[in-house]
Amino acid sequence: MTTLAPTAPAPRHLPVATATPAAPSVLTGLRDMGTMTAREIRRTLRSVDGLITAFAIPVAIMLVFVVIFGGAIDSSGDYINYVVPGTLVLCLGFGSAATATAVAQDMTSGTIDRFKTLPILGPAPLWGHVIASVVRNLASAAVVLGVAVALGFRPDADLLGWVAVVGYVVLTVLAFTWICAAAGLVLSVDATQALNTVFLFLPYLSSGFVAVGTMPNWLHGFADNQPFTPIIESLRGLMSGTPDASTIWTAVAWLVGFLAVSITLGSLAYRRRTAR
Amino acid sequence: MNDPMIAVRDLRKSYGSHHVLRGVDLTVRRGEIYALLGPNGAGKTTTVNILTTLVPADAGTVTVAGADVAKHPAQVRALVALTGQYAAVDPFQTGEENLVMMGNLAHLPRRAVRSRAQELLERFDLTDAARRPASTYSGGMRRRLDLAISLVASPAVLVLDEPTTGLDPASRAQLWEVVRDLAGDGTTVLLTTQYLEEADRLADTIAVLHDGVVAARGTASELKALVAGDHVRIAFEDATSLRAARDLAPAAGLAVVDVDERDLALTTPATDPVATIREALALADQHHLALAGVSVVKPTLDDVFLAVTGAPTSTTASKENAR
C-alpha cells in the first residue's frame, strides 16, 4: 500500500538507552518523590486555575474578613489580630483541597496506570502531590500574611515562635492534604469539589472567626470540640507569642491522627486502584 | 533463549459474578509481535492489566522473562512498559518535560535523561514540538509522545493496549512502522486490537479472545483460512437481474451464500476470486443481466468471529469491564 504517513526521519533503528537504570533504593525513592513534586509544582504554575486557587482566592478571603467583616464585627481594629490565624487556616484548607482534584484527574486519565507500571516507590506520585501542596501552601501563606500585615496585622511571636509557626503550618498542610489526596483516590473529579466546601465551611463553626460564646447554645458542643477550634487557637497562640501547651497538644493530636489515618487509607487505596 | 518472554497459564479473573477471563493461555516468544484480537468485553484490557501488575489475577500464572507478576512485580515492572488506551501524557508539561520526567522515574543516570529524551523526540518526529505543552499536540502527536514515553527505559516488553484506536490512517500507518522497527530491534510486543487489519499487518501470532477464552490462535493466514477465504460480491442494476442471477448461479457453479435485496447484490464464496469473477461476468453476458459491479470481499474480523465463536462481534460487544 502507499503510505500516507510522512516518512519518519532517520535513524531507522531506535537507539537503545546505553545507561542502565539504577536499582530501586532509598535514594531512588527520594528521587521519585522529587520528580513527582516537580511535576505537581509545574501543574500549579502553568494553569490560571492553579494560580488563582493558590494565591488570588486566599488573598481575597483575607481581604473579605479583615476589610469587610472586620469593621462590622469589631470597629476597634483588634479583630484583625483575632481573625488572621483563622483566615490563614481557612486558606490552608482551601489550598489543600486542590490536591483532591489533581489526584482524581490522575486517576481518570490513565496516568496512574503508567506510574503504577514503573519500578518506582509505590506511593511516590501521592507524595509528589502532598509535598507540592506543602510548597504551594507555604508560598500562599507567605503572600496572605504579607497582605494581613499590610492591613494592620501585628503578630507578637519571636524568632523561635515563627519557627514553631512554620513547623505547625507544615504539619497542618500535610494533614489537610493527605485527607484530600486519599479522597481524590476514591472520588470523581466533580465530587472532589465538595471538599472545598468542607474546608471553607467547617472553620466558621469554630472559634476561628467569632467567639463560640456568641453562637447559639446548641452549637457550643460542636464548636468547642471540633478540630478546627484547637487547630486555629494554637496558631493564634503561636503568632501572638502566647502559646497554650494543652491547646497545642490537642491540635497536634488531631493533625497527627488525621495524617496517620489518611496516609494508611490513601496508600492502601492507591495500591488497589487502577484508572477508572 | 527458547524460554518464552511472556507465559500466561490458565488465567482467570472475575468481577463479582462477571467472569472476564475464564482460563487464558498465551505464549509469546522473545522479539515477537503478538496480537490479542477481540471485541470490547472480550477481556483484552484485563489481560493487559494483570500482565502489567496493575490488577491481581484470581487464578493462573503470568510470567515475564521467568518473573511471576504476582510474586515479583518490581522485576516485571523493570521489564515491561505499558501504553494504555488513553494517551497518558501530562498536558501541562512539554513533550520534552514528559520524557525527562519518565527518564527520572526510570532511574536513568541524570546525565543520560536529557540525551535520551532528545533521541526519542527526534525518532518520533517531535523535535519541533519539544518545548510546547502537550495540550497543544494533535491526537497523532500525543500518541507518538505516549509511545516515546514508554520507550524511555528501553523495555524488553512493550504492551500496547489498542494503540491506534481513534487515530487517522496516516498516524496509524506511522505507528505501525515504529512498532515493526521496535520488534526488529528485539523488543517483544504484545498489543490488543479490535482490528483484524492491524493484527494482520503487524502480528506474528494472533490470539482471538472471546468471552474470556482464546477462541483461536495462529498466524494471520491461518486465521483467515478458518473463515473459508474470500467472497465475490456481484451487484445488479435491477431486481429482475438479481433474481435471475440467483436462480441461474447454481447451474453455473456459483454457490450463493447471501442475497441482498436492498443493495441488489449476491455473495458467493471464492477460493479463486479471479476465476469466480470470470464466471460471473460470463453468466451476466450470456443472460443479458444488468451488472452494476463486481468486488472481492476479504474476510473481516466479523467473519473470523463468526467462524470461531458462532457470534458476530456486534452482538457480543458489551462494554469492556477493565476495572
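Everything numeric here is computed off the predicted structure, so don't read it as measured data. Reminder, nothing fancy here: chain letters follow the sequence lines and each chain counts from 1. The basis for the numbers below is simple: all heavy atoms, side chains too, and nothing from hydrogens, waters or symmetry mates.
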Between [X] and chain A, with a heavy-atom cut-off of 4.5 Å, which part of the residue counts as in contact: side chain, backbone, both or neither?
X	result
B:Thr53	side chain
B:Arg172	neither
B:Thr187	neither
B:Val113	side chain
B:Ser115	neither
B:Asp146	both

Of the listed residues (B:Pro155, B:Ser150, B:Pro91), which shares the most heavy-atom pairs with chain A below a 4.5 Å separation?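 It is B:Ser150.
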
Flag the one option from B:Asp168, B:Val80, B:Ile149 with the top tally of heavy-atom pairs under 4.5 Å to chain A.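 It is B:Ile149.
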
Within the 4.5 Å heavy-atom criterion, are [X] and [Y] side-chain neighbours or not?
X	Y	result
B:Asp90	A:Thr111	yes
A:Ile120	B:Arg77	no
A:Lys116	B:Leu82	no

Euclidean distance, [Y] [atom2] relative to [X] [atom1], rounded to 0.5 Å:
X	Y	atom1	atom2	result
B:His107	A:Arg31	NE2	CZ	6.5 Å
B:Leu79	A:Thr117	CG	OG1	12.0 Å
A:Arg43	B:Gln93	CZ	CD	9.0 Å

Portion of [X] that has a non-hydrogen atom of chain B nearer than 4.5 angstrom:
X	value
A:Arg46	side chain
A:Arg114	side chain
A:Ser47	neither

Taking all heavy atoms of B:Ala74 and all of A:Pro119, pick out the closest pair and write down the distance.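 B:Ala74 and A:Pro119 have their closest heavy atoms at O-CB, 4.4 Å.
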
Can you give me the closest heavy-atom contact between A:Phe115 and B:Met102, atom names plus distance?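 Nearest heavy atoms, A:Phe115 then B:Met102: CE2-CE, 3.5 Å.
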
With sequence neighbours left out, the residues meeting ring-ring contact (aromatic ring centres under 6.0 Å, His included) with A:Phe258 are A:Trp254

Would you say [X] has more than 12 foreign heavy atoms packed within less than 6.0 Å of its [atom1]?
X	atom1	answer
A:Tyr204	OH	yes
B:Arg132	CZ	yes
A:Asp49	CG	no

